Amino acid sequence: MRLDVVGLHCTRGYRSLFSELAFTLEAGQLLLVEGHNGSGKTTLLKTLAGLREPDAGQVLWEQQQPIVWLGHSNGIKDDLTALENLQMMQVMAGADSLLRRDAKSCISTLERMGLAGNGHRFPRHFSAGMKRRLALCRLLLSSACLWILDEPQAALDKAGIQLFEALLAEHLAQGGSAIMTSHHHVGLQGSHIQRLLLAA
Amino acid sequence: MAEFFHMGGYALYVWTSFGIAAVVLLLNIVLPLQQHREVLRRAADFHELEGRTKQ
Amino acid sequence: MNSNASHVNSVAMKNPGFFTRWFHRMASPVWFYQISGKLLPWLWVLFAVLLVTGLYGGLVTAPADYQQGDSFRIIYVHVPAAWMSMFVYMVMAVSGAIALIWRMKLAEMVMVSCAPIGAGFTFIALVTGSLWGKPMWGAWWVWDARLTAELILLFLYLGVIGLYSAIEDKRMASRAVAILALVGIVNIPIIHYSVEWWNTLHQGATVTKFDKPSIHIDMLIPLLLMAGAFKVFFAISLLLRTRNELLERELPRQWVKQLVEEKDG
Amino acid sequence: MHIAKAFLSVLKRDVTVAFRHRNEIFNPLLFFSLVTLLFPLGIGPSPKLLQTIAPGILWVAALLAALLAADNLFRSDYEDGTLEQLVLSPQPLSLMVTAKVLAHWLVSAVPLLLLTPLLAVSFGLDAPTIGVALLTLLLGTPVLSFVGAIGVALTVSLKRSGMLLALLVLPLYVPVLIFGSNAIDTAASGLPVNGQLYLLAAMLVLAVTLAPLAIAAALKMSVSQ
């Protein structure tokens, strides 16, 4: 699983956010995208995820495969119960037989994310942190090997951040890779972490 | 010559039609030309500003 | 456009044949700007020639129609404009398709520039159609199949213009307009036939005189000349508008900077 | 097989979400009946006149109700981020979109069909004509939903897009309006209507096959704002 980015150039209006951006992300690597507000972090992530087209340059994949995307918005419906939301995530994650597709795996995911017992409640009544945790369940319900996460730790409390970092470390250990932005200090260390500073 | 403009009694209709057509076609030329000048002026301002901030 | 999370992996050009090189060179903005600059004067000359001969033929030499008298001369504006309103929509839809499939910026700009011109021609066709109908049927508006279809076409154009101006990001706006133009081009024949059917149904079998009367040769020549003049005019206005769109989008680029300096220097 | 499961679960989910906003289901219904009842007030109660204009009124009211209902088709998904997830999911987007539009049609147009006989009676239409009216609406309203969904997908990222949506979509509704209302009119005078019904069915097939492609492309564009 290798991702090559070559000569990437994105603009917003007449302002060029970044140009000639190039990097390679190998399996098991984490790319931390840093930069102050408005430096184009979200635009870069959206371009890498395929949501947005770059003005120039290429995002080359070894072969086509699904990713897990988490934007600023949580991607959960307030009118569906937590379990129904998870079931939708499972269906949307596509036809990979690695994970059991049934309610039990949804309930175990809820427990793992510290939302046990909230299965039948509506996210409308959840706190921001709980909503973010529900959104992060997406990471466990898909076997995609690339995670593209835009400030995943937003609204999470200390325990939530530790839980997320544990998930991330586990994912990287299993050969998955991730690209994320974060204003919090990421507690992971190691050679497999690259940093990319966007200085627009 | 007057008979030509009289258009067999249909002068109003014929000349109005040609007149409106001429106006619309003219607009399709005048507007772009104005926009052209305006875009060039904005480009000049942009590059002048760009030039000054670079030094 | 596969549906799953496809990434932008543009095809590497291994050994581009002449056509592909020309096709992509044609897309380079500077090249287009210079070429259109050189072409425009010639187009103006051609337009003037066609227009003068067409008008002279239509208004002076062509014999008056035995039934409609001189009011039939409105045909020399109405019919070319109606033809152009359809032709421009087709050019818009084709360039929209090119823009969507090959992501060619130039095609996007051509498509976007077509809309106002097409709307102009449709408006001319409508107004001259109603002015032509007044002396013959005594009514400013006749629910004739052709005129009604032309009116709906005008709304399609206004929809395209409205959509383009509503979205700020020009690249996204062009993508949206390309989709709308393609949806429109699929619907236009359906609209035309259903209006045609609706008209013959309600009005019974009165054959409206709007289709070209069995046209005499020296009535036909000026009509073709005027149609040619309108096509050349379309090319002129299209080039002018596309150049503006080009400058608008490439404003921060270096070649625009030199262009501006040449103009002031 | 998995795609069929995805199709059905998207359909089921959208219908459940709609039913959890029960009042939103009644809006198009109330609008439809109100618009239909305005005409007799405006034109006068003479039964013969109302009978002749009933087909047109029913169809124009159905068309406007479909337009009104279409606006919230993708908007809530766009705002809470589920639309992004749908676009990025490996499931074929045009199929998922078809499921969403079908769910929307079930929730907005089918109640309309149930109300039509009542309104048609108030216009003095007899039973067979009402039967034909229901048939034309059954064939026509999905076309309205699919074509309307294209307009909604194009304008979902815009703030106030109600008027623009009408400008984009109403011209495309014309063929359905022409054949739909004319079928009822012909049926009222006892003539066979299968010609119009075949054409409506043809438009339905065209809309169901082509519209999802345009909707998917438009959503990909809107999501990248």
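These figures come from a predicted structure and were not determined experimentally.
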Note to self: For A:His120, I'd like to know if atom NE2 has over 12 heavy atoms of other residues, nucleotides or ligands within 6.0 Å.
What the structure shows: no
Check: Do any of residues 22-33 of chain A have a heavy atom less than 4.5 Å from a heavy atom of chain D, and if so, which, in residue order?
Finding: none
Checklist line | Heavy atoms from other residues, nucleotides or ligands near CZ of A:Arg195 exceed 12 (cutoff 6.0 Å) | finding: no
Margin query: For A:Ala93, is there any backbone N or O sitting under 3.5 Å from a side-chain donor or acceptor partner on D:Gln85?
Written below: no
Next item on the list: With sequence neighbours excluded, give me every salt bridge (Lys or Arg N to Asp or Glu O under 4.0 Å) pair touching residues 128-150 of chain A.
Entry: A:Arg133-A:Asp157
Check: Among A:Ala135, A:Ser73, A:Gly71, which residue forms the greatest number of heavy-atom pairs with chain D at distances under 4.5 Å?
Finding: A:Ser73
Notebook entry, point to check: Any side-chain heavy atom of A:Met92 within less than 4.5 Å of one from D:Met96?
Noted result: yes
Checklist line | Closest contact, heavy atoms only, D:His2 versus A:Val91 | finding: CE1-O, 3.7 Å
Check: Given a strict heavy-atom distance threshold of 4.5 Å, which part of A:Lys46 is in contact with chain D: side chain, backbone, both, or neither?
Finding: side chain
Item checked: residues 8-32 of chain D: residues contacting chain A (heavy atom under 4.5 Å, by number) -> D:Ser9, D:Val10, D:Arg13, D:Thr16, D:Val17, D:Arg20, D:His21
Note to self: Using a 4.5 Å heavy-atom cutoff, which residues in residues 64-83 of chain D come close to chain A?
What the structure shows: D:Ser76, D:Asp77, D:Glu79, D:Asp80, D:Gly81, D:Thr82
Next item on the list: Measure the spacing between NZ of D:Lys220 and CD of A:Glu53 and express it to the nearest 0.5 Å.
Entry: 10.5 Å
